Amino acid sequence: MHSRREFLKRASAAGVGALTVSAITPSLSPLAAGESRSVVIGSGNGLAAVAKAMEMIRDGADALDAVVAGVNIVEDDPNDMTVGYGGFPNEDGVVELDAAVMHGPTHRAGAVASLRNIKNPSKVAKVVMERSDHVLLVGEGALRFARVHGFKEEDLLTDKARAEWLKWKENLSTHDDWLPAHTPETKDIGSVYEAYVRSTGTIHCSARDLKGNISCVTTTSGLAYKIPGRVGDSPIIGAGLYCDNEVGSAGSTGRGEANLVNCSSVMIVEFMRQGKTPEQACLDACKRIVDHNVMRRLKKDDGRPDFNVSFYAMNKRGELGSAALYSGAMFTFHDGATAQRKECAYLFKR
Ligand code: ASP
């Protein structure tokens, strides 16, 4: 096992310089040579998903069926406002969902973006993979495809998400016509959201099944209050997820634009192909994002990114790793014994 000190040494030798670099080795011990295992890894909100996926894998399910069933739990849950039903809407108050799946053994993928009215976009993405010659369908075309395959349409905007969206809209500016609740004495109505951070969130899940096959899924309602039609990294193969059955799998949550311009998930799989551990591969993708982040508006005063991105990876043998730009991010996994939630390794301490 590499010690934390050894990692710090290697990191500064690689030119990270004054940046604070930390690594937390997940409790999963590395495997002995020749050993492998079935595992599931997910984003911080994936505890129920990894448990469900492992239950199905134990019963002999294909890794893709298992991870899709896992994330469906979160898509159906109105209390997770970053995925599926009850997700944060776009700036017009309409929920638009993005999702993608990738199947390791056949190296196929399917995805949908800006899909309205269907609460399980990951299921639609899987049907795109299985029942069309395409990889990505968007907007109206994706909805029509879902309809003909029997998916039911429903209003995905819950009262709770609508209330949050209204609050955002009414407080955006003191100079527009949308007013939050106020009294006859209120003067500046609609205080500008000074340091307002729009919520992000997504679920990613990767698994290795009993046959040693690897698959993954990422599903999201995307950036809260996005411009209608905005598509993040989640449904983009290579950015929000990627797997190679002979190497491993990776996925991400966080600022999608950073993954779109860095092709982060395929980068992590390629780092693992070069022999890096999943955690090291995730940390190196974080460093690449930092190196490429040159726009001042996306930097804090100390020069570091003013956003976070988290990565989740597993290799062919079932070793896991996760890392984020900033401390405090969480990942989930099931190692065959229990479903657990742990802090991701990170580059910078908050
Ligand atoms: N990556 C997602 C997106 O950019 C959002 C997130 O994971 O927070 O749409």
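Predicted, not measured: the structure shown is a model, and the values here were computed from it. Numbering of ligands and ligand atoms starts at 1, following listing order.
Under a 4.0 Å N-O distance rule, the pair E55/R58 does not qualify as a salt bridge. A salt bridge links E257 with R230: the closest approach of a Lys/Arg side-chain nitrogen to an acidic carboxylate oxygen falls below 4.0 angstrom.
Clustering of Ile, Leu, Val, Met, Phe, Trp and Tyr side chains at separations under 4.5 Å leaves M330 isolated, with no partner residue. The hydrophobic cluster containing V124, built from Ile/Leu/Val/Met/Phe/Trp/Tyr side-chain heavy atoms closer than 4.5 Å, also comprises V112, L115, I118, V127, V128, L137, L143, F145, F151.
Checked against side chain to side chain contact (heavy atoms under 4.5 Å, CB included), D159 has the following partners two or more places apart in sequence or in another chain: R162.
Using modelled atom types and a 3.5 Å distance limit, the side chains of Q340 and T338 yield a donor-acceptor pair.
Residues with a heavy atom under 4.0 Å from ligand 1: T200, G201, T202, G222, L223, R230, G232, D233, S234, T253, G254, G256.
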